[in-house]
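Reviewing the structure listed below.
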Amino acid sequence: MTELAVQPSAVATRWWRDAVIYQVYVRSFADGNGDGVGDLPGVRSRLPYLAGLGVDAVWLTPFYTSPMADFGYDVADYRDVDPIFGSLADARALIEDAHALGLRIIVDVVPNHTSDRHAWFAAALAGAQASPERDRYVFRDGRGEGGELPPNDWESVFGGPAWTRVEDGQWYLHLFAPEQPDLNWDNPEVHAEFDDVLRFWLDLGVDGFRIDVAHGMVKAPGLPDVGHPGHVEMIGVAEVPFFDQEGVHEIHRAWRRILDSYEGERIGVAEAWAPSAERLARYVRPDELHQAFNFHFLKAPWDAAAFRAVIEESLLTAALVGAPSTWVLSNHDVKRHVTRYGGGERGLRRARAAALLMLALPGSAYIYQGEELGLPEVLDLPEQYLRDPQRLRDPDSGRDGCRVPLPWTAAGEPPHGFAPPGTAESWLPVPPGWRDLSVEAQARDGASMLSLYRAALKMRREHPALGDGTLIWRDSPAGTLAFSRGESFSCVANLTSEWIEVEAGPGGLLLASSGPAVSGDVVRLAPDSVTWWAGDLGDAVSRAGDV
Ligand code: GLC
């Protein structure tokens with residue numbers, strides 16, 4: 001990989017290298033028309049909030065025509081907007097408004113599979129076996145005497161076999177829900193179609209794509225068995241014949257050429273699950289995509305040594321290919337991190353700390369809508385609302401609890417400003433207690449999570465040492481982390497459940513703290529807290545003992 005390394009100085013000014021990108025789950029961000037479901041006009045009306053928060057770009061989850069079997073990740077028409085989310089004109093207006101506010105727009109593209117309601121799949125079902133229509137998907141004969149067994153042993157990410165049988169006896173592959181048939185990327189027509197889809201949205205002005213299941217698309221030749229059950233547990237940790245195959249990189253290279261043919265540094269971001277940080281780095285080689293989500297960071301337990309290991313490995317492997325690291329704490333597929341970190345007061349304390357840690361690291365950071373409000377996972381949604389197809393795998397694996405609509409206003413009843421006044425219900429109910437977590441309530445509280453994010457994002461934007469670059473680890477006691485970023489910035493994290501003392505030394509000035517910090521010659525840092533300092537503290541933290 002070293003032969004592909006590029007000079008960091010040559011790319012240091014590129015916007016995406018240290019962009020803070022805010023993920024909007026369109027269904028749950030803001031409802032403009034009062035049908036209880038978030039939509040593009042809703043997002044558009046809240047763009048000033050996002051600009052004020054201080055992010056650089058907004059990633060919108062799929063808003064294309066879809067029967068919503070996987071809430072939009074089952075696309076029936078890649079070049080249109082689902083009526084529930086608005087119209088193409090709304091998308092255009094949203095992109096224009098965002099640009100006027102200095103925000104870039106990244107949209108999702110879903111190339112591994114279409115919806116089963118896509119015109120291509122209808123034609124495939126109507127077509128004969130071995131027809132060109134079927135060849136756009138992965139149809140195979142079954143095993144067993146009458147072909148009554150699936151063609152191989154692959155399991156769907158959402159549970160059950162990855163194959164469904166159609167009327168004439170053939171089977172089709174779906175690595176996700178049966179309503180999401182996998183495309184056949186050995187077929188040139190599929191390549192041509194997606195090239196065109198990318199161009200369609202680039203022409204409309206989007207600044208990049210988040211590529212769904214970017215490690216999918218190409219499958220091992222012959223579709224070999226894995227040989228044993230438990231495939232979902234292997235994703236991201238072991239080699240599997242349906243993900244992270246060599247051929248996907250050719251696709252990303254072709255897309256990079258398309259992106260580069262447009263003005264303004266349009267980017268590709270891989271949602272890629274690869275067995276190691278090194279395999280992941282291959283998606284962001286200089287002629288492939290620009291960024292890949294770093295799920296290894298998201299999965300790190302609340303432990304200083306674990307964080308340090310994952311940060312080091314991420315920086316090292318990204319640097320090998322000249323790419324920026326990315327940092328993600330939550331998204332629409334995982335339990336919100338306030339809850340993952342223990343929930344309640346402790347979860348919130350840790351989430352505040354994690355925010356300052358993440359935003360101090362070199363590279364680009366992702367914020368999932370509502371994390372700036374400290375929203376927890378909603379664990380007690382009534383059964384009748386739970387509709388995530390992933391629950392097939394195991395009822396507890398449902399992702400509905402991280403997709404509850406955002407609370408915007410402090411007065412009145414749920415859904416707390418998510419929808420226009422008078423809207424009775426949102427598609428998932430907003431808990432009554434979220435009025436206190438609303439944007440309005442937190443905006444007037446200087447100690448709120450929202451105020452912390454706003455201040456940290458402002459500082460990150462203005463401080464020359466933050467964003468792209470490198471870090472130097474400093475010695476610090478067990479359970480803590482300390483690093484400097486040049487001479488003018490240090491970050492100290494206390495991930496223990498005890499207070500610690502930091503000897504700041506002359507010139508050490510506390511810039512920000514996620515928790516209470518008592519200043520003086522010796523600064524005392526609360527349990528589960530992260531602090532930002534002006535100046536390089538060197539190894540000062542190591543001289544302080546636990547108290
Ligand atoms: C990605 C999306 C997830 C979706 C899946 C299938 O992992 O983030 O929400 O269910 O792809 O498209």
*Using a 4.5 Å cut-off on heavy atoms from C-beta on, say whether the side chain of Pro178 contacts that of Asp116.*
no

### Query
Taking the inter-plane angle between the rings of Tyr172 and Phe139 on a 0 to 90° scale, is it parallel (under 30°), tilted (30 to 60°) or perpendicular (over 60°)?
tilted

Query raised in the report: Asn112 and Asp212: side-chain donor and acceptor closer than 3.5 Å?
Result: no

*Full working for side-chain contact (heavy atoms from CB on, under 4.5 Å) between Ile105 and Leu60*: CA-CA 7 Å; Ile105 293 286; Leu60 302 167; 4.0 Å; yes

Worksheet entry | Side-chain heavy-atom pair Leu175, Phe243 within 4.5 angstrom cut-off | yes

Note to self: Check whether Glu155 reaches the backbone of His231 with its side chain - one donor and one acceptor, N or O, closer than 3.5 Å.
What the structure shows: yes

For this session: Verify whether the ring centers belonging to Phe293 and Trp273 lie closer than 6.0 Å.
Result: no

For this session: Mark yes or no for whether Arg461, through its side chain, and Lys458, through its backbone, hold a donor-acceptor pair below 3.5 Å.
Result: no

- [ ] May I ask you to decide if Tyr137's main-chain N or O and Trp120's side chain share a donor-acceptor pair within less than 3.5 Å?
- [x] no

Smallest heavy-atom separation, Leu289 atom then Ala270 atom, equals CD1-CB, 3.6 Å

By ring-ring contact (aromatic ring centres under 6.0 Å, His included), His252 pairs with (sequence neighbours left out) Trp255, Tyr283

*With no hydrogens and no angle check, do the side chains of Tyr366 and Asn294 hold a donor and an acceptor under 3.5 Å apart?*
no

Okay, side chain of Thr423, backbone of Gly36: is any donor-acceptor separation there less than 3.5 Å?
no

Describe, in one word, how the ring planes of Tyr368 and His332 are oriented to each other, choosing from parallel (under 30°), tilted (30 to 60°) and perpendicular (over 60°).
tilted

Sorted by chain and number, sequence neighbours left out, side chain to side chain contact (heavy atoms under 4.5 Å, CB included) with Val37 holds for Arg27, Asp35, Ile84, Phe85, Trp427

Smallest heavy-atom separation, Asp468 atom then Arg485 atom, equals O-NH2, 3.2 Å

Taking atom types as modelled and ignoring hydrogens, do the side chains of Asp141 and Gln170 form a donor-acceptor contact shorter than 3.5 angstrom?
yes

Next on the checklist: Determine whether Asp70 and Arg399 satisfy the following criterion, salt bridge (charged side-chain N to carboxylate O under 4.0 Å, His left out), listing intermediate values before the conclusion.
Outcome noted: CA-CA 11 Å; Asp70 189 17; Arg399 299 166 295 180; 3.1 Å; yes

Checklist line | Heavy-atom side-chain contact between Trp154 and Leu223 under 4.5 Å | finding: yes

When rounded to the nearest 0.5 Å, the distance separating CD of Glu278 from CG of Leu316 is 9.5 Å

Q | Any donor-acceptor N or O pair under 3.5 Å, side chains Ser66, Asp74 | A | yes

For a 4.5 angstrom cut-off between non-hydrogen side-chain atoms, does Pro241 reach Val226? yes

>> I'd like to know if the side chain of Arg136 and the backbone of Ala124 have a donor-acceptor N/O pair within less than 3.5 Å.
In response: no

Closest non-hydrogen atoms of Gln245 and Val240, given as atom of the first, atom of the second and distance, are NE2-O, 3.0 Å

task = With salt bridge (charged side-chain N to carboxylate O under 4.0 Å, His left out) as the test, would you mind laying out the steps for Glu96 and Arg44 before giving the verdict?
result = CA-CA 10 Å; Glu96 268 170 30; Arg44 197 176 159 209; over 6 Å; no

- Message: Show, in sequence, the C-alpha distance, side-chain angles and deciding distance for Asp333 and Arg403, and conclude whether the side-chain contact (heavy atoms from CB on, under 4.5 Å) test is met.
- Response: CA-CA 9 Å; Asp333 291 330; Arg403 299 172 175 181; 3.2 Å; yes

ring-ring contact (aromatic ring centres under 6.0 Å, His included) filter on Phe158, not counting sequence neighbours, yields Phe176

Measuring only between side-chain heavy atoms, which start at C-beta, is Phe194 closer than 4.5 Å to Ile251?
no

Q: Check the pair Arg117, Asp77 against salt bridge (charged side-chain N to carboxylate O under 4.0 Å, His left out), reporting the backbone distance first and the verdict last.
A: CA-CA 9 Å; Arg117 310 281 175 81; Asp77 183 350; over 6 Å; no

Does a side chain donor of either Ser330 or Glu371 reach within less than 3.5 Å of an acceptor in the other side chain?
-> no

Taking it one step at a time, do Glu271 and Arg210 satisfy salt bridge (charged side-chain N to carboxylate O under 4.0 Å, His left out)?
CA-CA 7 Å; Glu271 185 228 9; Arg210 176 263 190 192; 3.7 Å; yes

Would Leu329 and Trp327 satisfy side-chain contact (heavy atoms from CB on, under 4.5 Å), going step by step from the backbone distance to the final call? CA-CA 7 Å; Leu329 292 167; Trp327 311 104; over 6 Å; no

message = What I want to find out is whether Asp287 reaches Arg256 closely enough, with some N-O distance under 4.0 Å, to be called a salt bridge.
response = no

Quiz item: Within the side chain of Asn184, is there an N or O that forms a donor-acceptor pair under 3.5 Å with the backbone of Asp135?
Solution: yes

| said: Is it the case that the side chain of Asp39 and the backbone of Gly32 share a donor-acceptor pair, with hydrogens and angles ignored and the cut-off at 3.5 Å? | reply: yes

Can you tell me if Trp59 and Asp108 form a side-chain donor-acceptor pair at under 3.5 Å? yes

Here the gap from Arg46 atom CZ to Gln369 atom CD, rounded to the nearest 0.5 Å, amounts to 12.0 Å

Problem set entry | Asp196 and Tyr78 side chains, donor-acceptor separation under 3.5 Å | no

Check your understanding: Just wondering, do His118 and Val75 contact through their side chains at under 4.5 Å, heavy atoms?
Key -> no

Evaluate the side-chain proximity of Leu53 to Val20: yes if any heavy-atom separation is below 4.5 Å, no if none is.
no

Give a yes-or-no answer on whether the side chains of His296 and Ser314 include a donor-acceptor pair shorter than 3.5 Å.
-> no

Notebook entry, point to check: CD of Glu189: more than 12 outside heavy atoms within 6.0 angstrom?
Noted result: yes

Main-chain N/O of His337 paired with Glu377 side-chain donor or acceptor, under 3.5 Å = no

Considering residues, nucleotides and ligands other than Glu263, do more than 12 of their heavy atoms fall under 6.0 Å from its CD?
no

**Study point:** Whether Asp80 side chain and Thr65 backbone form a donor-acceptor pair below 3.5 Å
**Key:** no

Looking only at heavy atoms, the pair that brings Glu372 and Gly370 closest together is OE1-N, 2.8 Å

Does the side chain of Asn152 pick up a donor-acceptor pair with the side chain of Trp163 at under 3.5 Å? yes

Spell out, as yes or no, whether a donor-acceptor pair under 3.5 Å connects the side chain of His290 to the backbone of Gly268.
yes

Leu359 versus Met459: any side-chain heavy-atom pair under 4.5 Å?
no

Practice task
Starting from the C-alpha separation in whole Å, work towards a yes-or-no answer on side-chain contact (heavy atoms from CB on, under 4.5 Å) for Tyr385 and Asp400.
Solution key: CA-CA 8 Å; Tyr385 289 101; Asp400 303 280; over 6 Å; no

